[in-house]
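The structure under discussion appears below in the form of structure tokens.
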2 protein chains.
Amino acid sequence: MTRSRSKYDSGCPVAYALDIFGDRWSLLVIRDMAVKGARTYGELLAGWEGISTNILAQRLKQLEQAGIITKQKDPDSGRSFVYELTQKGRDLAPVLIEIALWSGRYNPDPDAMTGFLDKITADRTGTEARMRAGERP
Amino acid sequence: MTRSRSKYDSGCPVAYALDIFGDRWSLLVIRDMAVKGARTYGELLAGWEGISTNILAQRLKQLEQAGIITKQKDPDSGRSFVYELTQKGRDLAPVLIEIALWSGRYNPDPDAMTGFLDKITADRTGTEARMRAGERP
DNA sequence: CTGGATCCCAATAGATACTG
DNA sequence: CAGTATCTATTGGGATCCAG
């Protein structure tokens with residue numbers, strides 16, 4: 001955390017959250033881990049949008065410092081690292097779900113939602129997974 | 001929409017949404033309108049974090065183009081403008097709520113949530129306002 | 001080969017000063 | 001009040017380099 005944390009911290013809960021993932025890429029990284037099950041640097045690099053290497057490395061560091069993810073050596077092979085969501089990170093699933101539901105209502109692309117909610121809810125407790133997906137106006 | 005729309009559009013619903021409000025300020029502007037009832041440029045400028053004038057102008061333009069807000073001349077006085085959330089914009093309330101709930105669980109500042117949920121849910125239909133706020137671990 | 005650091009350079013975001 | 005202009009800082013893409 002070289003800088004900028006708390007620069008915008010007004011005490012508002014939304015500002016607190018945006019301080020952590022309020023940028024172009026952080027939430028996409030979290031999504032790749034929560035929805036696609038991405039666990040390595042390489043898998044994340046190959047994400048749907050194509051993040052570049054320096055940005056990915058920087059975001060992983062920030063997310064780790066914020067307690068959203070952990071980084072460990074691969075237990076099996078010793079080579080390579082494994083990133084995983086913490087509870088704090090997994091608890092962002094409802095946020096991702098609400099965003100996806102909102103997009104489902106307003107994104108003109110009818111294929112965009114395909115498979116998304118199934119996957120993200122699959123590893124969740126289900127507490128807040130009241131799916132009212134097909135509400136396109 | 002001069003540029004950048006769809007630059008990141010991978011078809012993912014989260015990417016679609018982040019294309020619209022996935023930056024440092026857009027969601028804070030929406031929050032100021034949804035929670036604080038801010039309706040004019042001046043009210044938004046005086047927000048909790050202090051956005052600068054050019055950024056505010058730019059974001060208002062983008063949000064209007066995205067159909068999140070509308071801009072009209074003040075009906076009473078003719079001078080000044082009034083910005084208002086559209087239905088599409090008001091439908092982002094669940095996203096704001098989930099973000100606030102998440103912050104409520106993890107933001108160490110105990111005062112941060114004060115009054116937030118009351119205000120944001122006040123002008124909503126209540127459909128998805130299942131408040132399970134006090135879950136701080 | 002995987003994970004990541006680094007450098008270059010283009011493009012964006014942002015603070016401040018100023019204007020209709 | 002509601003912005004625009006200008007100038008600086010930060011982000012991001014792409015290539016390359018390097019360590020385990």
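Reckoned from all heavy atoms, side chains included, excluding hydrogens, waters and symmetry mates.
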Would one find a side-chain N or O of B/Lys73 under 4.0 angstrom from OP1 or OP2 of D/dA2?
-> no
Atom CG of B/Leu27 and atom C1' of C/dA13 are separated, to the nearest Å, by 17 Å
Taken to the nearest whole Å, CG/A/Leu56 to P/C/dG3 is 10 Å
For B/Glu98 and A/Glu98, the nearest pair of non-hydrogen atoms, with its separation, is CG-CG, 3.4 Å
Check: Can you check whether A/Thr53 has a side-chain N or O nearer than 4.0 Å to OP1 or OP2 of C/dG3?
Finding: no
Whole-Å distance, A/Phe81 CZ to D/dA19 C1', equals 11 Å
| Taking A/Tyr16 for the side chain and B/Gly104 for the main chain, is one N or O donor matched with an acceptor at less than 3.5 Å? | no
Verify salt bridge (Lys or Arg N to Asp or Glu O under 4.0 Å) between A/Glu49 and A/Arg24, making sure each step is shown before the conclusion.
CA-CA 11 Å; A/Glu49 288 85 10; A/Arg24 180 77 246 185; over 6 Å; no
A/Thr40 has its side chain closest, among C/dG14, C/dG4, C/dG3, to C/dG3
Check your understanding: Could you go step by step and tell me if B/Leu44 and B/Leu60 meet the side-chain contact (heavy atoms from CB on, under 4.5 Å) rule?
Key -> CA-CA 10 Å; B/Leu44 289 166; B/Leu60 287 173; 3.9 Å; yes
**Asked** Can you check whether A/Arg59 has a side-chain N or O nearer than 4.0 Å to OP1 or OP2 of D/dG12?
**Response** yes
Quick one: does A/Ser52 reach the base of D/dA15 with a side-chain donor-acceptor pair under 3.5 Å? no
Taken to the nearest whole Å, CD1/A/Ile51 to P/D/dT11 is 13 Å
Please determine if a side-chain N or O atom of A/Lys61 lies less than 4.0 Å away from the OP1 or OP2 oxygen of C/dA5. yes
- Checking side-chain contact (heavy atoms from CB on, under 4.5 Å) for the pair A/Val29/A/Tyr83: CA distance, chi angles, key distance, verdict? CA-CA 11 Å; A/Val29 170; A/Tyr83 297 92; over 6 Å; no
| Does any donor-acceptor pair link the side chain of B/Asn54 with the base of D/dG3 at a separation under 3.5 Å? | no
- request: Please state whether the phosphate of D/dG3, meaning OP1 or OP2, lies under 4.0 angstrom from any side-chain nitrogen or oxygen of B/Tyr83.
  value: yes
To the nearest 10 degrees, the angle between the two end axes of the helix from C/dC1-D/dG20 to C/dG20-D/dC1 (five pairs per end) comes to 30°
- Contact under 4.0 Å: A/Ser80 side-chain N or O vs C/dG3 OP1/OP2: yes
| query | Do B/Lys88 side-chain atoms and B/Ala66 backbone N/O form a donor-acceptor pair below 3.5 Å? | reply | yes
Note to self: Is there a side-chain contact between B/Trp25 and the phosphate of C/dG14, meaning an N or O under 4.0 Å from OP1 or OP2?
What the structure shows: yes
Worksheet item: For the residue pair A/Trp102 and B/Phe21, does the interplanar ring angle fall in the parallel (under 30°), tilted (30 to 60°) or perpendicular (over 60°) class?
Response: perpendicular
B/Leu60 atom CG is separated from D/dT4 atom P, nearest whole Å, by 11 Å
Taken to the nearest whole Å, CG/B/Leu28 to C1'/C/dG14 is 14 Å
### Message
Checking the side chain of B/Thr86 only, and the main-chain atoms of B/Ile68 only, is there a donor and an acceptor separated by less than 3.5 Å?
### Response
yes
note: A/Ile55, atom CD1; C/dG4, atom P; distance rounded to Å ~ 15 Å
Between CD of B/Gln58 and P of D/dT6 the distance, given in whole Å, is 16 Å
